[in-house]
Colleague: 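Below are the structure tokens for one structure; questions will follow.
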Amino acid sequence: MNPPDDGVRAVEAVLFASEAPLTLDAIRAHVGDGIDVRAALAALEADYAGRGIELVRRGERWHFQTAGDMAHVLRRDREEARKLSRAGIETLAIIAYHEPVTRAEIESIRGVQISKGTLDVLMEAAWIRPAGRREVPGRPLTYATTAEFLSHFGLASRRDLPGIDDLRAAGLLDLVDLAFEQAEVAPEDDAP
Amino acid sequence: MNPPDDGVRAVEAVLFASEAPLTLDAIRAHVGDGIDVRAALAALEADYAGRGIELVRRGERWHFQTAGDMAHVLRRDREEARKLSRAGIETLAIIAYHEPVTRAEIESIRGVQISKGTLDVLMEAAWIRPAGRREVPGRPLTYATTAEFLSHFGLASRRDLPGIDDLRAAGLLDLVDLAFEQAEVAPEDDAP
Amino acid sequence: MKGTVPAYMKRFCPAEVCSTIAAMDDDTLTIDIDGWEGPLDLLLALARAQKVDLRQLSILDLVQQYLDFVEQAKRLKLELAADYLVMAAWLAFLKSALLLPRDPEQEPSPEELALRLQLRLERLQAMREAGARLMAHDRVGRDVFARAAPEGLRTVRKSVWQAEIYDLIAAYGRVSARTRPVMHIVAERPVMTLEAAIERVSRLVGQRIDWATIESFLPEDATGGFRKSALASSFLAALELARRGKVELRQQQAFAPLYVRGTA
């Protein structure tokens, strides 16, 4: 490694010491305005490419983490992350690919009602959040994913969601015609 | 940085993700016997020399930490503008008009006791300073204003402060009723 | 039949689903529909069993399979949840609409309905695959790890005290005013003095023959505070004149009207 300049070192130290991923502004608040944070991040990204530690961008935030191919030396004594139910995984995927999306829209895509617990579990994991109301009759609440979601699943942005461009091109992410589909599938649906 | 070999990368990742400094044996338990941990540590030590992160040995244990000279960026001072309390501004005014003045004199002029905190705040703001002791029984400390006081309030000297007649002409002594009633309602209002 | 899955049922349902079909008693089987997440899920499972791209799917075949499945379930006295039967009814309608001669009035057309069903299956399938791919990503705490013991970043708050010159001067004005000798001035108020009342009552009482209320001795234009003052002074005047023997006073009871009459 070539010893980096003090600006790069400062950004490196701040990211290394931080307990959570940091935005450009948060980094700048620590290292001061005299440092080109963007350039320092680019330098660090290059410096760490191919090492056992990597600098990654998750949403608008940056952090260091171990390289993905090192999982085998790290995993042994870790608890496996709590397994999400199938309903939970599908609901999370639907929110991530369609956000902001209402509960009724999620239910329409899955063809079943969502149990209350499903959204709660995703909120508790801090992967989804309420994202305002849709200005349609009933003003239903919409849901969207969070910065923690991107960070947890290793996505630089929602554009990194696997296959999202193809799905959109195929029209599979278009908003659902709710009135029609609910009438068709579940006329006795007593969902709230 | 030259991309290191997988042995070095594995040791790097294990040290990074560890909750505590690790011994050679503990590292070896993670990365396996096929890796020369000692050589990997030497390589890492060289790689990180002069960076914002350092590999350090504490006794028989190894870990990464931020470089010592980067401590200043990990701590960020944030300035918060705060308005001086009524007790604070009155005390400051009395000191400015009567300096040097003892605490007992300030209290006598204000007609209300002042808390230690009030003077502390004015000292913290660097607007007042201790100005020697009065040669009377008990030798009480006196207070006076500072150059910072003059500059903060845009005064060339203390003589620029309006006199009592000026105050009366400006109607500032007519505040009496309101001020008096408030003082009566809250005679112990003395927080800084 | 107890505890076994008929061969013809296996044809229609994926292995993991069929394993949840269990014998409840001799002639009733119950399907644990937790295995399927609703009729759409079952339809998708059946569609995937056709082993073709969902876009090449024969909706008619799929509909027939679903209807067969529900028929078999009925024959076996399987208890299906209501939404499965609702879906069956709708699919039966779709099937007949697709097979019968076209009713040009019908909107949307059966082909359109079939297309939408296919789209829904595709969409569910896409989300299911997306979820699986998402879960397979490098996940923090499973595949990649953040630093376990970061030093942490600290923010130290420092107060910057603020005050304006006006605040300072006004504060001194306030303190000075507060501690300066206070002079009390009583504002002038309209009153009727006792002397004036005695003069007035003794003059008026001479002009009257009979009992008159004390109020009738007040000036007609007396209002507000002046009237109260005049009433109080006139009352005192009446007492004083009674003491001198110039007037008589009469009152039926407490708070009743007070009458005054000259003694002359």
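These numbers were taken from a predicted model, which means no experiment stands behind them. Numbered from 1 within each chain, the chains take letters A, B, ... in sequence-line order.
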Colleague: Is the shortest heavy-atom distance from the side chain of C:D167 to the side chain of B:K83 under 4.5 Å?
Modeller: yes
Colleague: Taking side chain as C-beta onward, heavy atoms only, is C:R174 less than 4.5 Å from B:E90?
Modeller: yes
Colleague: Please classify the contact of B:L122 with chain C as side chain, backbone, both or neither, using a heavy-atom distance under 4.5 Å.
Modeller: neither
Colleague: So which part of B:H63 gets closer than 4.5 Å to some heavy atom of chain C, the side chain, the backbone, both or neither?
Modeller: neither
Colleague: Got a sec: does the CG of B:D33 have more than 12 other heavy atoms crowding it under 6.0 Å?
Modeller: no
Colleague: Atom CZ of residue position B:R134 - does it have more than 12 heavy atoms of other residues, nucleotides or ligands inside 6.0 Å?
Modeller: yes
Colleague: Got a sec: does the CD of B:E60 have more than 12 other heavy atoms crowding it under 6.0 Å?
Modeller: no
Colleague: If you take all heavy atoms of B:I89 and C:A163, which pair is closest and at what distance?
Modeller: CD1-CB, 3.5 Å
Colleague: Is atom CD of C:E164 surrounded by more than 12 heavy atoms (other residues, nucleotides or ligands) closer than 6.0 Å?
Modeller: no
Colleague: Quick check on C:F235: does its CZ atom have over 12 non-hydrogen neighbours (other residues, nucleotides or ligands) under 6.0 Å away?
Modeller: no
Colleague: What are the two closest heavy atoms between C:L168 and B:F149, and how far apart are they?
Modeller: CD2-CZ, 3.6 Å
Colleague: Keeping the roles fixed (side chain from C:R147, backbone from B:F64), state whether a donor-acceptor pair exists under 3.5 Å.
Modeller: yes
Colleague: Do you know the tightest heavy-atom contact between B:A93 and C:A171?
Modeller: CB-CB, 4.2 Å
Colleague: Any chance CZ of B:R38 has more than 12 other-residue heavy atoms, nucleotides or ligands included, within less than 6.0 Å?
Modeller: no
Colleague: When you look at CZ of C:R203, are more than 12 heavy atoms from neighbouring residues, nucleotides or ligands closer to it than 6.0 Å?
Modeller: yes
Colleague: Might you point out which heavy atoms bring C:W161 and B:H152 nearest each other, and give the distance in Å?
Modeller: O-CE1, 4.1 Å
Colleague: Taking atom CZ of C:R48 as the centre, does the number of heavy atoms from other residues, nucleotides or ligands within less than 6.0 Å exceed 12?
Modeller: no
Colleague: Parallel, tilted or perpendicular: which one describes the rings of B:Y97 and C:Y172, with boundaries at 30° and 60°?
Modeller: parallel
Colleague: Answer with side chain, backbone, both or neither: which region of C:A146 has an atom nearer than 4.5 Å to a non-hydrogen atom of chain B?
Modeller: backbone
